[in-house]
2 protein chains.
Amino acid sequence: MTTPGSLADDERSGGDRAGGGNAGGESAEDGPAGSGGRRRVTISDLARRLHISKASVSYALNGRAGVSEETRQRVLDLAEELGFHPNSAAVALSASRTRTIGIVIARDPALISTEAFYMRTLVGIEQYLNEVDSSLLLRLTGEHGEDLDVLRRWSRQGRVDGFILFDEHDDDPRIPLLKELGVPVVVVSSNDPDDEVGRLISSPIETVALLLDHLAELGHRDIAHISGPFTFVHEQLRVRMLQEYADRRGIAVRHVEGSYRYDDGAELTRRLLTDPNPPTAIVLGNDLMALAALRVATELGTKVPDEVSILAWDDSPLCELAGPGITAVDQKTMERGRAAADLLLRVAGGEPDLHEEAPAGELRVRESSGPAPKN
Amino acid sequence: MTTPGSLADDERSGGDRAGGGNAGGESAEDGPAGSGGRRRVTISDLARRLHISKASVSYALNGRAGVSEETRQRVLDLAEELGFHPNSAAVALSASRTRTIGIVIARDPALISTEAFYMRTLVGIEQYLNEVDSSLLLRLTGEHGEDLDVLRRWSRQGRVDGFILFDEHDDDPRIPLLKELGVPVVVVSSNDPDDEVGRLISSPIETVALLLDHLAELGHRDIAHISGPFTFVHEQLRVRMLQEYADRRGIAVRHVEGSYRYDDGAELTRRLLTDPNPPTAIVLGNDLMALAALRVATELGTKVPDEVSILAWDDSPLCELAGPGITAVDQKTMERGRAAADLLLRVAGGEPDLHEEAPAGELRVRESSGPAPKN
DNA sequence: CTGAAAGCGCTTACAG
DNA sequence: CTGAAAGCGCTTACAG
């Protein structure tokens with residue numbers, strides 16, 4: 001059996017460049033075995049070797065006034081040579097900046113891992129954070145309100161510089177909580193209330209227009225909408241805007257509340273298609289339900305798109321790879337994530353402008369939508 | 001225009017319980033406007049109010065000896081009342097414990113967001129971290145070696161207590177690097193070298209047996225394997241073990257190296273199926289390629305499973321929801337993530353036993369596999 | 001331009 | 001059982 005001690009003993013074997021210098025020259029022997037690796041290089045080390053004060057080192061490293069160019073360069077060179085990286089806890093403690101943003105997602109784990117939405121959002125956020133050398137502290141809680149605890153705890157603990165919030169609910173308690181805690185927040189939002197928190201806004205009206213214009217052109221006059229749960233603000237808005245837009249274009253819409261789950265999408269679609277007067281097109285609130293709709297149609301012998309068109313609100317690999325491919329709106333999820341992170345850092349930095357429009361979506365027309373059947 | 005200042009001014013409006021007490025009693029006026037919220041409660045505050053020392057407060061909060069039960073209770077009660085949470089930077093700085101583990105994934109963003117594997121793994125890890133009140137620091141870098149920088153930086157910065165590594169390569173540079181840095185590591189691994197880092201091991205032999213036993217029973221004697229890139233250790237092992245096991249059972253296997261990408265899976269499958277002597281079954285290294293294989297077969301008019309069986313190494317919603325459903329091995333990804341996090345925390349805690357077996361996989365038989373065609 | 005010193009909020013020997 | 005004090009590794013006024 002190997003012990004952590006032997007792990008540390010083995011350090012010499014690595015042939016790595018940075019830190020390889022003589023960082024260990026002063027105290028290569030670690031303290032208590034297993035406590036983890038060689039002593040880290042600190043600004044005190046740099047100061048001592050360069051015969052200057054810690055303050056000067058700090059100024060030099062942070063690009064602040066207070067040191068000559070020459071001194072600064074000597075500091076930077078030595079830091080590079082020794083592989084110095086400032087202890088993040090010390091920086092956080094003295095400067096109250098963590099270079100970390102927090103995301104807490106309170107959804108059913110099964111859904112989180114099935115829908116590509118979250119991962120694509122995270123990828124987008126990460127792309128931005130990489131560029132500005134910040135990090136993401138992530139927590140996936142269940143759906144039972146533990147998320148509030150985590151938000152509160154992380155705020156009080158000073159673990160993050162701010163939060164990005166998803167899945168806004170009616171009277172979402174997270175927003176007053178974080179406002180009270182005084183933590184910068186950006187809500188990835190579908191509406192634009194003036195509640196003085198950061199919001200990256202993408203109104204559903206855009207998607208509504210893309211979907212309904214497409215369907216109207218194809219001659220559909222009688223459609224159905226299987227939404228996600230109405231507890232989400234964006235679902236309420238989708239229903240309302242879809243209805244209004246459809247009214248204006250003389251299209252009838254029946255709304256059914258779904259749960260985003262496959263089974264549910266299947267069941268609700270079945271009911272619609274076996275109705276004596278079925279709709280000629282169904283818009284589903286997410287990719288999973290759209291796929292379910294596709295399957296049920298096939299199962300019932302209802303031809304897609306000849307007898308019914310199937311469209312999804314939110315594009316994804318599932319829509320793209322389904323057979324037939326499902327017409328959907330590419331919500332630019334990665335770009336949206338990126339933009340949210342960017343906005344949060346600006347809000348945290350004191351930027352007065354809290355609201356911003358998200359990048360526009362685009363319709364991806366595939367085989368699942370076609371002309372309305374004439375009957 | 002709203003300003004961060006006005007954001008802070010608005011704090012009173014929240015009606016939240018914790019911290020609502022009289023935490024602001026001493027200095028409700030924030031410092032510089034916009035710097036974020038009311039002053040946090042610290043152990044000094046607790047000590048002052050209870051007329052005891054900071055040390056006693058610390059002992060009480062951490063459940064250590066050094067305070068009477070009565071004092072401890074008074075401290076805990078007050079902490080609860082004021083919504084006290086220890087500043088994580090201060091704890092990290094003085095105790096060198098961050099309660100955070102790091103994960104750096106260096107893969108093509110498109111792949112990360114398409115394959116459910118990573119998200120399911122993260123969910124599993126999170127489930128465990130939730131229970132032990134730890135957090136995940138996540139970074140998704142591209143495939144260009146920036147991951148080494150991040151690992152080095154996070155280590156030197158003392159940001160994490162350890163790392164979980166995925167996607168081990170040949171002579172993976174991350175392992176010597178982290179050993180040299182002296183940071184606890186767990187590699188989610190497919191083999192068991194004695195290299196003194198933590199390893200959660202799941203040998204491919206298990207999956208090989210599940211797949212080949214199934215195919216042998218169905219009468220297949222001539223199969224193909226479209227793998228992922230051989231740069232991954234697990235892919236090399238899969239090929240070797242598949243070959244050995246097939247040899248023993250008198251099954252011929254041709255191996256083709258794929259990339260995990262849909263297009264690639266399609267192209268390689270096309271070649272196999274248009275061969276004058278096509279295999280009767282194809283095992284694909286991931287779900288995307290398996291789906292591609294299914295599509296190509298359909299396109300070529302090759303019936304699945306009557307003329308060719310399609311199986312995937314790794315189950316996923318894509319396999320489950322495909323039509324026909326794709327037979328695949330459920331690798332227990334969430335459980336594996338959980339186990340990896342658990343092992344890492346134990347390794348970091350000084351546990352001598354570095355290696356552990358991952359939970360076993362299970363075959364999910366679906367419509368894409370059937371008896372070998374007689375010809 | 002540079003240094004000595006206080007402070008961020010904890011933990012932890014060390015005396016009482 | 002309790003308190004005074006040093007220390008973790010930085011940053012930041014404040015004097016020179």
Side-chain angles (χ1 to χ4, degrees), chain A residues 23 26-27 31-32 35-37 39-75 79 82 84-99 153 155-159 161, chain B residues 23 26-27 31-32 35-37 39-75 79 82 84-99 153 155-159 161:
Chain A
E26 313 203 276
S27 66
S35 72
R39 206 171 76 69
R40 290 204 179 91
V41 181
T42 71
I43 59 167
S44 300
D45 298 325
L46 300 182
R48 193 168 345 108
R49 289 186 195 230
L50 294 172
H51 305 293
I52 59 180
S53 73
K54 285 170 18 182
S56 300
V57 173
S58 176
Y59 294 144
L61 291 171
N62 294 310
R64 312 192 54 157
V67 281
S68 64
E69 251 330 297
E70 195 216 315
T71 306
R72 185 188 306 280
Q73 201 51 56
R74 287 174 57 220
V75 171
L82 299 185
F84 167 79
H85 290 280
N87 179 291
S88 62
V91 174
L93 186 56
S94 61
S96 302
R97 237 168 88 274
T98 62
R99 283 198 160 289
R153 217 160 339 122
S155 302
R156 293 254 167 77
Q157 292 177 159
R159 295 197 70 137
D161 293 337
Chain B
E26 314 202 278
S27 65
S35 71
R39 205 170 77 68
R40 291 201 179 91
V41 181
T42 70
I43 59 168
S44 301
D45 299 325
L46 300 182
R48 193 168 344 109
R49 289 188 195 226
L50 294 171
H51 305 292
I52 60 179
S53 73
K54 285 172 16 184
S56 301
V57 173
S58 176
Y59 294 144
L61 291 171
N62 293 310
R64 311 191 55 157
V67 281
S68 63
E69 252 328 298
E70 195 215 317
T71 307
R72 185 188 307 279
Q73 202 51 59
R74 288 174 55 219
V75 171
L82 299 184
F84 168 80
H85 290 282
N87 180 291
S88 63
V91 174
L93 188 56
S94 61
S96 303
R97 238 169 85 276
T98 62
R99 284 196 160 287
R153 222 169 325 130
S155 301
R156 293 254 166 79
Q157 292 177 160
R159 295 196 70 137
D161 292 337

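Labels below follow one simple rule: chain letters A, B, ... track the order of the sequence lines, proteins then strands, and each chain is numbered from 1.
- Rounded to an integer number of Å, the gap from A:R159 CZ to C:dG9 C1' is 15 Å.
- Rounded to an integer number of Å, the gap from A:R64 CZ to C:dT2 P is 16 Å.
- One atom, CZ of A:R40, and another, P of D:dG7, lie 20 Å apart when rounded to the nearest Å.
- Residue B:S96 is out of contact with every strand shown, counting any heavy-atom pair closer than 4.0 Å.
- Taken together, the paired segments of DNA chain D that extend over three or more consecutive Watson-Crick or G-U pairs, each closer than 3.5 Å at both contacts, are C:1-3 with D:14-16, C:5-12 with D:5-12, C:14-16 with D:1-3.
- Atom CG in A:N62 sits roughly 7 Å away from atom P in D:dT12 (whole-Å rounding).
- Looking at which nucleotide of DNA chain D each of B:S56 and B:A95 is closest to, the 5′-most match is held by B:S56.
- At the heavy-atom level, B:S58 lies under 4.0 Å from base atoms of the strands shown.
- Less than 4.0 Å separates DNA chain D from at least one heavy atom of each of the following residues of residues 84-92 of chain A: A:F84, A:P86, A:N87, A:A90, A:V91.
- Atom C1' of nucleotide D:dC10 and atom CG of A:L46 are separated by 12 Å, given to the nearest angstrom.
- With rounding to whole Å, A:D45 atom CG is found 10 Å from D:dG9 atom C1'.
- In terms of modelled atom types and a separation under 3.5 Å, the side chain of B:D161 and the main chain of B:T98 share a donor-acceptor contact.
- When the C1' atom of C:dA4 is taken as reference, atom CD1 of A:I43 falls 13 Å away, rounded to whole Å.
- Contact between the side-chain N/O atoms of B:T71 and the OP1/OP2 oxygens of D:dT2 is found at a separation under 4.0 Å.
- Proximity note for A:Y59 (side chain, C-beta onward) versus C:dC14, C:dC10, D:dC14: the nearest is D:dC14.
- Positionally, the nearest nucleotide of DNA chain D for B:S53 lies more toward the 5' end than for the other of B:S53 and B:L93.
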For A:R49 and A:L82, run side-chain contact (heavy atoms from CB on, under 4.5 Å): C-alpha distance rounded to whole Å, both residues' side-chain angles, the deciding distance at 0.1 Å, then the answer. CA-CA 11 Å; A:R49 289 186 195 230; A:L82 299 185; 4.1 Å; yes
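- In this structure, the CD atom of A:Q157 is 19 Å from the P atom of C:dC8, given to the nearest Å.
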